[in-house]
Structures are given as structure tokens and as C-alpha cells.
There are 2 protein chains.
Amino acid sequence: MSAPALTKNQALVFDVLEKADGPLSAYTILDKLRDHGFRAPLQVYRALEKLLEYGVVHRLESINSFVACAHPGENCHKHGIVAFAICESCGQVMEFHDHEVDNRLTDWTKARKFKAEKTTIEMRGLCEACAA
Amino acid sequence: MSAPALTKNQALVFDVLEKADGPLSAYTILDKLRDHGFRAPLQVYRALEKLLEYGVVHRLESINSFVACAHPGENCHKHGIVAFAICESCGQVMEFHDHEVDNRLTDWTKARKFKAEKTTIEMRGLCEACAA
DNA sequence: TCGCACACGTTATAGCATAACGCAATTGAT
DNA sequence: ATCAATTGCGTTATGCTATAACGTGTGCGA
């Protein structure tokens with residue numbers, strides 16, 4: 001499921017997220033796109049829905065925000081579970097993958113026959129610069 | 001930081017969560033407590049804030065809900081990072097701890113000097129019974 | 001050319017969370 | 001004893017997040 005050509009709205013939303021230097025809420029995206037004709041939240045949410053599906057955007061559940069995938073061009077879904085470190089001071093997000101964490105969680109689900117569809121790993125705290 | 005005696009509102013909210021067989025949203029808790037005099041969301045949120053602080057209740061970020069800790073009596077914070085498997089069909093939540101996952105994430109944060117304050121691990125999917 | 005799938009636009013509404021104000025009870029130091 | 005600080009509580013109002021429901025247009029294959 002590599003990303004097909006984006007529609008106009010999808011491209012606009014993705015562009016905003018890529019140019020941002022941190023995660024954005026749907027409503028912030030909406031505000032940034034008013035000049036491009038966006039008027040309602042659904043225009044943003046519908047685009048986001050597809051971008052999430054294509055794996056080019058991630059949703060940060062713990063802060064109700066969205067961020068462009070850190071691996072442009074690749075299919076991020078292929079890397080396994082995605083984890084995030086979110087700085088609560090500067091808003092920077094670091095995306096990473098850890099196969100050992102994947103393995104442990106997968107082991108757990110297998111042992112309990114739990115069928116995981118979507119896994120969230122998010123650490124909130126302070127990045128090196130902000131903790132100083 | 002073991003839990004001190006709960007106030008009336010805290011006890012009511014905790015009781016509702018403990019008796020529930022799954023996570024509840026703040027507004028659902030509010031509805032269940034109207035007979036006990038609850039009238040506003042803040043009454044619930046303020047109680048939840050303390051219960052979360054005491055570690056006797058967990059917040060499920062991915063579904064905006066709250067659940068009583070699976071380890072009554074103990075201080076759950078001591079067990080390290082808490083992880084959840086949430087069945088999207090029946091709503092059941094399984095809480096678990098995996099020290100190896102903790103270690104991997106801690107290693108990552110140490111390497112990047114990231115100071116993690118709160119870590120969320122949530123798997124959504126289908127439990128064994130519902131997947132059948 | 002008909003039907004279907006999909007993107008899109010709009011209005012309205014539902015669901016989640018907190019700000020800001022004021023009051024009452026408790027505690028603890030002076 | 002009294003004053004100040006803290007904490008919990010109640011209320012009103014508001015803001016933020018997300019989706020329902022309806023309709024339009026476009027492209028494309030049967």
C-alpha cells in the first residue's frame with residue numbers, strides 16, 4: 001500500500017505537515033489552509049485519514065496531533081511499530097523504531113492471541129536541549 | 001507517593017471505574033454519578049487528575065478513556081512502564097508490564113538524553129474471544 | 001450510458017477538556 | 001487564637017477535537 005498520487009487536499013495537508021517543525025492539530029492545519037479554500041474540519045480530517053492510511057503521516061494520540069513521517073519516500077508501515085519521543089517544551093518529535101520492542105510486544109500478543117491492529121508508543125518529556 | 005485517603009468525589013469516581021468492566025470516558029463517569037450529585041465535567045476531571053497521580057487509575061490516550069489499575073493496593077508506578085491491550089470489539093483492557101520493553105525505551109532515551117516523563121504504550125485490536 | 005467508487009463541500013452536532021471565578025474546610029506557623 | 005496557605009469543591013462558560021448526514025461532481029469500467 002504505497003502512497004498513490006495525492007489529491008489536491010491531501011497534498012495541501014501533507015505539505016503543511018512536512019513544512020512544520022513539529023506536530024500540528026487538525027484545527028491548526030485548517031487555519032493554515034484557509035487561504036487555500038479550506039473552510040471545514042472535515043476537509044482536513046478526510047485528507048488526514050488517507051495520509052495516515054498511506055503511512056506518510058502519523059497521529060500522536062497523546063497530544064491529538066499529526067506529524068509527517070520521518071522517512072519520506074519509504075513506506076513507514078514496513079518498519080514495524082513506530083515510536084515517538086515528544087518534547088513537551090519545544091514540541092519537537094523524534095520518531096524511531098525498535099525491533100526488540102516490537103518483538104516483545106508481538107510475543108505478548110501471540111501468547112494471549114490478541115490481534116493487534118494499531119500500536120501506539122509515545123514518550124512525552126523533555127529533549128536534550130530543553131532539559132538543560 | 002502511595003495513595004492517601006480518597007476524598008468523597010475521588011472515591012466515587014474510583015468506585016465507578018473499579019466496578020466497570022472496561023474503560024470509561026469522563027462523561028460516562030459523570031452520567032453514572034449524577035445521582036450522587038455530580039453535575040459538571042470538572043468534578044470528574046479533578047478527581048481523575050488525583051487518581052492518576054496516585055497511580056490507581058490509568059488514562060488510555062488512544063481512546064480518551066480511563067480505567068482502574070489492575071493492581072489494586074500496589075503502587076502501579078513502581079512496576080515501570082504500563083502497557084495496554086485494548087479490544088476494540090468488547091472494550092476489555094489488559095494491562096501488563098514488560099521490563100525488556102522498558103529497558104529498550106530507557107536505553108533510547110539515555111542515548112539521546114531525552115527525559116521521559118510519561119510513556120504511553122497501547123495496542124488496539126481484537127482480544128482472543130472477539131477475534132474468533 | 002448506467003452504475004459505482006471516490007473525493008469534495010457544507011451544515012450541524014457530538015464528544016472531550018479546561019479556564020476562571022468564588023466558597024468552604026483544613027492545616028500549621030506565628 | 002488567628003492569619004495565611006493549601007486543597008477540595010461547585011458553577012458557568014468556553015474552547016478544542018472529531019464525526020454524522022446530506023448533497024454534488026467526476027472518472028471509469030461493465
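Given the structure is predicted, the values throughout are model-derived calculations rather than measurements. The chains referred to below are lettered A, B, ... by the order of the sequence lines, with proteins before strands, and numbering in each begins at 1.
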Checklist entry - What pairs with B:Ser89 under side-chain hydrogen bond (donor to acceptor under 3.5 Å, both in side chains), at least two apart in sequence or on another chain? => result none
Could you pull out all residues at least two apart from [X] that satisfy salt bridge (charged side-chain N to carboxylate O under 4.0 Å, His left out)?
| X | result |
| --- | --- |
| A:Lys32 | none |
| B:Asp102 | none |
| B:Arg59 | B:Glu61 |
| A:Asp15 | A:Lys19 |

Item to check | side-chain hydrogen bond (donor to acceptor under 3.5 Å, both in side chains) contacts in which one or both residues fall within residues 39-49 of chain A, not counting sequence neighbours | outcome: none
Checklist entry - What string of B, S and - do you get for nucleotides 8-14 of chain D, 5' to 3', when a contact is any protein heavy atom under 4.0 Å? => result SBBBB--
Next on the checklist: In this structure, how many angstroms lie between the C1' atom of D:dC16 and the CG atom of A:Leu24, rounded?
Outcome noted: 15 Å
Next on the checklist: Distance check needed: D:dA18 C1' versus B:Asn64 CG, whole Å only.
Outcome noted: 10 Å
Next on the checklist: Apply the hydrophobic cluster definition, ILVMFWY joined by side-chain contacts under 4.5 Å directly or through others, and give me every member besides B:Val93.
Outcome noted: B:Leu60, B:Ile63, B:Val67, B:Val82, B:Phe84, B:Ile86
Next on the checklist: I'd like to know if B:Val44 and B:Val56 are part of one continuous hydrophobic network [Ile/Leu/Val/Met/Phe/Trp/Tyr, side-chain heavy atoms within less than 4.5 Å].
Outcome noted: yes
Item to check | Pairs flagged by ring pair (Phe, Tyr, Trp, His ring centres under 6.0 Å) wherever residues 109-132 of chain B is involved - sequence neighbours left out | outcome: none
Item to check | Nucleotide range of DNA chain C lying under 4.0 Å from chain A heavy atoms | outcome: C:dA7 to C:dT11
Item to check | Stretch residues 83-95 of chain B: residues that reach within less than 4.0 Å of DNA chain D through a heavy atom | outcome: none
Next on the checklist: Could you work out, with ring pair (Phe, Tyr, Trp, His ring centres under 6.0 Å) as the rule, every residue matching A:Phe38, not counting sequence neighbours?
Outcome noted: none
